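Everything numeric in this text was worked out from a predicted model, so none of it was measured. Sequence positions, counted from 1, serve as the residue numbers for this chain. Note: hydrogens, waters and symmetry copies are ignored here, and every other heavy atom, side chains too, is used.
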Amino acid sequence: MRDQFPFAVARVTRRWRKMLDERLKDLGVTQARWSTMVYLDKGGEGLTQRELASLMAIENPTLVRLLDSLEEQNLIERRPCPNDRRARRLHLTPAGRAFMDDLTVRAEQLREQMLDGISDDDIETTVRVFTKILENAEKQK
């Protein structure tokens with residue numbers, strides 16, 4: 001089972017993203033865009049681009065292109081940082097907040113469907129195991 005574990009995790013992750021992509025298609029966003037919005041929402045409004053790139057574990061130039069497209073869709077805005085003229089802080093627009101509300105509802109529905117028939121105890125154990133795996137991975141850096 002140990003040798004199958006990483007592949008099972010990858011399959012579940014790919015399936016989750018694919019199904020959520022399908023449910024968000026009418027909103028006109030890609031997986032890269034909606035995941036950026038989720039990281040911004042969870043990381044807290046007012047993050048700098050650099051902070052968001054670090055949180056997402058991606059390179060800053062990659063993030064800049066994503067932010068440009070989200071800004072064009074009027075989902076986010078970049079505001080000057082009062083403490084650093086070179087930095088910009090990221091904020092959701094009212095349209096971005098509405099998008100996140102809609103995404104949250106759709107993601108919750110998908111999550112409940114995917115977790116159907118799985119006990120809370122099993123979910124708790126799974127999350128605990130994933131947390132330990134991530135802790136072990138951090139030690140390998």
Donor-acceptor contact below 3.5 Å, side chain [X] vs main chain [Y]:
{"X": "S35", "Y": "A32", "value": "yes"}
{"X": "E138", "Y": "E135", "value": "no"}
{"X": "T93", "Y": "N74", "value": "yes"}
{"X": "Q73", "Y": "G28", "value": "yes"}

Check [Y] with [X], please: is the shortest side-chain N to carboxylate O separation under 4.0 Å?
{"X": "D26", "Y": "R106", "value": "yes"}
{"X": "R128", "Y": "E124", "value": "yes"}
{"X": "R89", "Y": "E77", "value": "no"}

Quick check for you: to the nearest 0.5 Å, what is the distance between [X] atom [atom1] and [Y] atom [atom2]?
{"X": "R15", "Y": "K18", "atom1": "CZ", "atom2": "NZ", "value": "5.5 Å"}
{"X": "L63", "Y": "L40", "atom1": "CG", "atom2": "CG", "value": "9.5 Å"}
{"X": "T104", "Y": "F99", "atom1": "OG1", "atom2": "CZ", "value": "9.0 Å"}
{"X": "L110", "Y": "L115", "atom1": "CG", "atom2": "CG", "value": "9.0 Å"}
{"X": "T125", "Y": "I118", "atom1": "OG1", "atom2": "CD1", "value": "12.0 Å"}
{"X": "R50", "Y": "R86", "atom1": "CZ", "atom2": "CZ", "value": "8.0 Å"}

Close side-chain approach of [X] and [Y], heavy atoms under 4.5 Å:
{"X": "L67", "Y": "R33", "result": "no"}
{"X": "Y39", "Y": "L47", "result": "no"}
{"X": "Q49", "Y": "N60", "result": "yes"}

**Message:** Applying a strict under-4.5 Å side-chain criterion to I, L, V, M, F, W and Y, I'd like to know whether W16 and M19 cluster together.
**Reply:**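 Yes; tracing contacts between hydrophobic side chains, which count when under 4.5 Å, links both residues.
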**Item:** Q109 side chain to R23 side chain, donor-acceptor N/O pair below 3.5 angstrom
**Value:**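 Their side chains do not contain a donor-acceptor pair, so the 3.5 Å distance test is not met.
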